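Down below is the structure, laid out as structure tokens.
Just so it is clear, the structure is predicted and the values come from calculations on it, not from any experiment. Both counts, for ligands and for their atoms, begin at 1 and track the order of listing.
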Amino acid sequence: MSEKHEGMIVILSSPSGAGKTSLVKEISSKNSFSISISHTTRKPRINEVDGVDYFFIENDEFKKLISENKFLEYAKVFKNFYGSSEEVVFKKLDKGESVIFDIDWQGTEQIKLKNLKYKLITVFILPPSREELFKRLLNRDLNDEKNAMERMKKFDEDVLHWKNYDLVVINDNFNKCYEKIIKFINSKQNSNFSDNYDKSEINKHVLSLLK
Ligand code: 5GP
């Protein structure tokens, strides 16, 4: 009888607008990773579907789930709460399915601190430039300039957390970025040894983003 293996946890984080959600979808569809669908108190955007992009819930319901210890991690991002349901994720991992998360640095820290039995890989995505980031944020929020500016302010704080991730990738080309992440996941999956990345190059890029 073959031995049963647990799945692994892959976390992708990035400041808002760096293109992480599309990467998560690509990794999931091409590599049979299951996406952890978060609960949020944020209102759905025009193209978002309840139960697919998020479980959209009210504040009271979110608080109830916190009090019942239903979250593996949760955090307040901007003015809304976001959380990952523990039971669903653990069931999948125990069946051998790998799960990919699109969560912020606060949630990543919480999961790291839990020292779970599952293999954990953390990836941080950076935008190619400040200008491109602003363009993407405007585009996504239907040219809501105020909202995009608010997210840019938050960017300066969020970007500093890149140092706590296993891999940091600049999303200047979607396919190249995807390939780098998959290569890293594969090397980690097969052993504890993994490809490294150029930290001084990333440091330089982060400084250019903060100018
Ligand atoms: P958005 O509102 O743009 O969909 O997401 C805002 C931020 O919340 C993104 O950085 C996203 O990764 C993060 N996020 C989404 N779901 C979760 C979650 O379940 N937990 C945490 N900690 N962050 C989340």
Side-chain angles (χ1 to χ4, degrees), residues 9-28 33-59 61-66 68-90 92-93 99-114 116 120-127 133-144 146-162 164-165 168-169 171 177 181 209:
I9 295 177
V10 174
I11 299 178
L12 257 69
S13 296
S14 73
S16 199
K20 162 195 46 170
T21 307
S22 316
L23 282 163
V24 165
K25 286 186 179 156
E26 187 84 349
I27 293 168
S28 153
F33 272 70
S34 183
I35 299 178
S36 166
I37 303 172
S38 301
H39 287 73
T40 184
T41 58
R42 170 166 77 60
K43 296 283 166 265
R45 295 193 183 109
I46 205 145
N47 53 350
E48 285 179 330
V49 178
D50 187 34
V52 176
D53 298 287
Y54 283 105
F55 294 107
F56 295 98
I57 60 174
E58 297 297 327
N59 263 301
E61 210 180 326
F62 200 96
K63 281 187 191 143
K64 186 165 169 273
L65 292 174
I66 296 175
E68 291 169 353
N69 279 324
K70 296 284 186 198
F71 291 123
L72 173 59
E73 62 73 36
Y74 70 91
K76 194 172 188 186
V77 186
F78 300 108
K79 290 163 198 140
N80 301 300
F81 284 101
Y82 296 82
S84 315
S85 156
E86 181 167 290
E87 198 184 345
V88 178
V89 168
F90 282 1
K92 287 184 175 165
L93 291 164
V99 181
I100 186 160
F101 290 74
D102 169 348
I103 61 174
D104 82 331
W105 63 269
Q106 305 174 79
T108 307
E109 286 304 307
Q110 291 172 37
I111 293 182
K112 275 165 75 174
L113 284 172
K114 291 204 166 173
L116 301 171
L120 171 65
I121 300 178
T122 61
V123 183
F124 198 81
I125 314 292
L126 291 171
L133 178 69
F134 189 63
K135 235 171 42 194
R136 286 184 196 172
L137 287 174
L138 262 187
N139 192 23
R140 196 183 59 186
D141 277 340
L142 303 170
N143 287 323
D144 181 344
K146 191 170 153 258
N147 202 2
M149 295 286 278
E150 259 175 40
R151 291 196 176 228
M152 287 300 287
K153 262 191 240 153
K154 186 101 181 16
F155 168 81
D156 294 348
E157 297 162 30
D158 287 352
V159 74
L160 301 174
H161 295 279
W162 70 270
N164 302 327
Y165 284 75
V168 184
V169 198
N171 188 10
C177 188
I181 298 170
L209 290 171

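- Counting only residues at least two apart or in different chains, salt bridge (Lys or Arg N to Asp or Glu O under 4.0 Å) contacts with residues 102-113 comprise K20-D102, E109-K112.
- With ligand atoms numbered from 1 in the order given, ligand 1 contributes 18 (C), 19 (O) to contacts under 4.0 Å with heavy atoms of G83.
- Nearest protein neighbour of atom 14 (N) of ligand 1, counting heavy atoms only, is D102 O, 3.6 Å.
- Side-chain contact between P127 and L209 is present, with at least one heavy-atom pair separated by less than 4.5 Å.
- When the heavy atoms of A75, S38, S36 are ranked by distance to atom 16 (N) of ligand 1, first place goes to S38.
- For atom 20 (N) of ligand 1, the closest non-hydrogen atom of the protein is E73 OE2, 2.8 Å.
- Residue-level proximity to ligand 1 for R42 is carried by the side chain, the only part with a heavy atom below 4.0 angstrom.
- The nearest heavy-atom contact from the protein to atom 13 (C) of ligand 1 is D104 N, 3.9 Å.
- Heavy atoms from other residues, nucleotides or ligands lying under 6.0 Å from CD of E87 number 12 at most.
- For the ligand labelled ligand 1, residue R45 lies inside the 4.0 Å heavy-atom shell.
- In the vicinity of S84, heavy-atom distances shorter than 4.0 Å reach the ligand 1 atoms 19 (O).
- Each of the following atoms of ligand 1 lies closer than 4.0 Å to a heavy atom of V77: 7 (C), 8 (O).
- Residue H39 does not touch ligand 1, judged by heavy-atom distances below 4.0 Å.
- Every atom of ligand 1 with a heavy atom of G107 under 4.0 Å away is listed here by number and element: 22 (N).
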Scan the side chains in residues 70-79 for donor-acceptor partners under 3.5 Å anywhere in the protein, sequence neighbours excluded, and list what turns up.
unit_1 : atom_1 : unit_2 : atom_2 : d
E73    : OE2    : S84    : N      : 3.3
E73    : OE2    : S84    : OG     : 2.4

Could you walk me through whether F56 and T40 pass the side-chain contact (heavy atoms from CB on, under 4.5 Å) test, one step at a time? CA-CA 5 Å; F56 295 98; T40 184; 3.7 Å; yes
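- Residues D158 and F155 form no side-chain contact, since every pair of their non-hydrogen atoms from C-beta on lies 4.5 Å or further apart.
- Atom NZ of K64 has 12 or fewer heavy atoms from other residues, nucleotides or ligands within 6.0 Å.
- Between the side chain of N171 and the main chain of I125, no donor-acceptor pair closer than 3.5 Å is present.
- Summarising the contacts of atom 24 (C) of ligand 1 with Y54, F78, F81, Y82, the nearest heavy atom is found in Y82.
- Looking at R151 against ligand 1, only its side chain comes within 4.0 Å, counting heavy atoms.
- Close contacts of ligand 1 with K20, meaning ligand atoms under 4.0 Å from a residue heavy atom, involve 9 (C), 10 (O), 11 (C), 12 (O).
- Between the side chains of T122 and T108, no donor-acceptor pair is found at a separation under 3.5 Å.
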